[in-house]
Number of protein chains: 2
Amino acid sequence: MNLKQIEKISKALGDVNRLKILRYMQKHNGKVECTQACKLLTLAQPSISHHIKKLVEADLILQHKVGRNYNYSLNQKVWDKYQKSLTEL
Amino acid sequence: MNLKQIEKISKALGDVNRLKILRYMQKHNGKVECTQACKLLTLAQPSISHHIKKLVEADLILQHKVGRNYNYSLNQKVWDKYQKSLTEL
DNA sequence: TAAATACATTGAAAGTTTTAAATATATAAA
DNA sequence: TTTATATATTTAAAACTTTCAATGTATTTA
């Protein structure tokens, strides 16, 4: 993993709201309803949407559309690579 | 490690220049001469100073003054905690 | 097919970060 | 003790990020 990729992932992790979204996902089998996340984080819906996009763009989570909702899963491969890259740098 | 701390460290890691500084340190036994880093990164000296400060403030590196220069060491304890906190979240 | 729901996109304001010029301070060397 | 060197701080401009209101699009339900 090159420095630009490490930078991008670190940036994606550098926000409490996004960390809360990630934690919420993990607690809910990768399922997030955007509207529920809004209530939890006291953020407007477009803000949640924006944060989720950052996580997707960093390739940290994978997005699957299911009807009107989305399900997400942690991209374990990228996650592991990131952690390995950090220790090696 | 709480979310605010994870956020701070992630932010500190979310910049290619800071990652390069960290890598440089690791390759040079934790020694950085600010002026050399300037050349390496083609950044002005106050910028390097600023970036190093961010790493110190995130508690990722420890700073020791040696004469006119500084030596640094990776704060292994915090580094390990960070990685652990990420996998657990 | 009309209304409701879930989420995305656009655009703009407010906040934060990055950068460097100018300047300050601490230490070393002459 | 003057001069040079290494790094820090202040300040301000430019770039980027966060937030949300308004609006758009896709899907489900009535």
query: Quick one: what's the B/S/- string for nucleotides 25-30 of chain D, heavy-atom cutoff under 4.0 Å, read 5' to 3'?
result: -SBS--
task: Starting at the 5' end of nucleotides 19-24 of chain D, put B wherever the base has a protein heavy atom under 4.0 Å, S where only the sugar-phosphate does, and a dash everywhere else.
output: BBBB--
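Contacts between residues 55-64 of chain A and DNA chain D, counted as heavy-atom distances below 4.0 Å, involve no residue at all.
For A/T42, the side-chain contact (heavy atoms from CB on, under 4.5 Å) criterion is met by no residue, not counting sequence neighbours. Residues satisfying the side-chain contact (heavy atoms from CB on, under 4.5 Å) criterion with B/Q83, sequence neighbours excluded, are A/Q83, A/L86, A/T87, B/W79. With sequence neighbours left out, A/K27 forms a salt bridge (charged side-chain N to carboxylate O under 4.0 Å, His left out) with no residue at all. Applying the salt bridge (charged side-chain N to carboxylate O under 4.0 Å, His left out) rule to B/K84 yields the partners B/E88; only residues at least two apart in sequence or on another chain are considered. The side-chain contact (heavy atoms from CB on, under 4.5 Å) test applied to A/S49 returns A/Q45, not counting sequence neighbours. A search for salt bridge (charged side-chain N to carboxylate O under 4.0 Å, His left out) contacts involving B/K4 returns B/E7, not counting sequence neighbours.
To the nearest 0.5 Å, the span separating NZ on B/K81 from CD1 on B/I6 amounts to 11.0 Å. From B/L13, atom CG reaches atom CG of B/L22 across 6.5 Å, with rounding to the nearest 0.5 Å. Rounding to the nearest 0.5 Å places OG1 of A/T35 at 9.5 Å from CZ of A/R68.
The distance from atom NZ of A/K53 to atom P of D/dT17 is 12 Å, rounded to the nearest whole Å. In this structure, B/N69 atom CG and D/dT5 atom P are separated by 13 Å, rounded to whole Å.
Inter-residue side-chain proximity for A/C38 and A/L43 is flagged as unmet; no heavy-atom pair is nearer than 4.5 Å. A heavy-atom distance below 4.5 Å is not found between the side chains of B/K53 and B/V56.
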Which atom pairs, one a donor and one an acceptor, fall under 3.5 Å between side chains of residues 57-67 of chain A and the rest of the protein, sequence neighbours left out?
| residue | atom | partner | partner atom | Å |
| --- | --- | --- | --- | --- |
| A/D59 | OD1 | A/N75 | ND2 | 3.4 |
| A/Q63 | NE2 | A/Y72 | OH | 3.4 |
| A/H64 | NE2 | A/S73 | OG | 3.2 |

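When DNA chain C is scanned 5' to 3' for any atom under 4.0 Å from a heavy atom of chain B, the first and last hits are C/dT17 to C/dA28.
Within the structure, the side chain to side chain donor-acceptor pair (under 3.5 Å) test picks out the following pairs touching residues 10-25 of chain A (sequence neighbours left out): A/S10-A/Y82, A/R18-A/H51, A/Y24-A/Q36.
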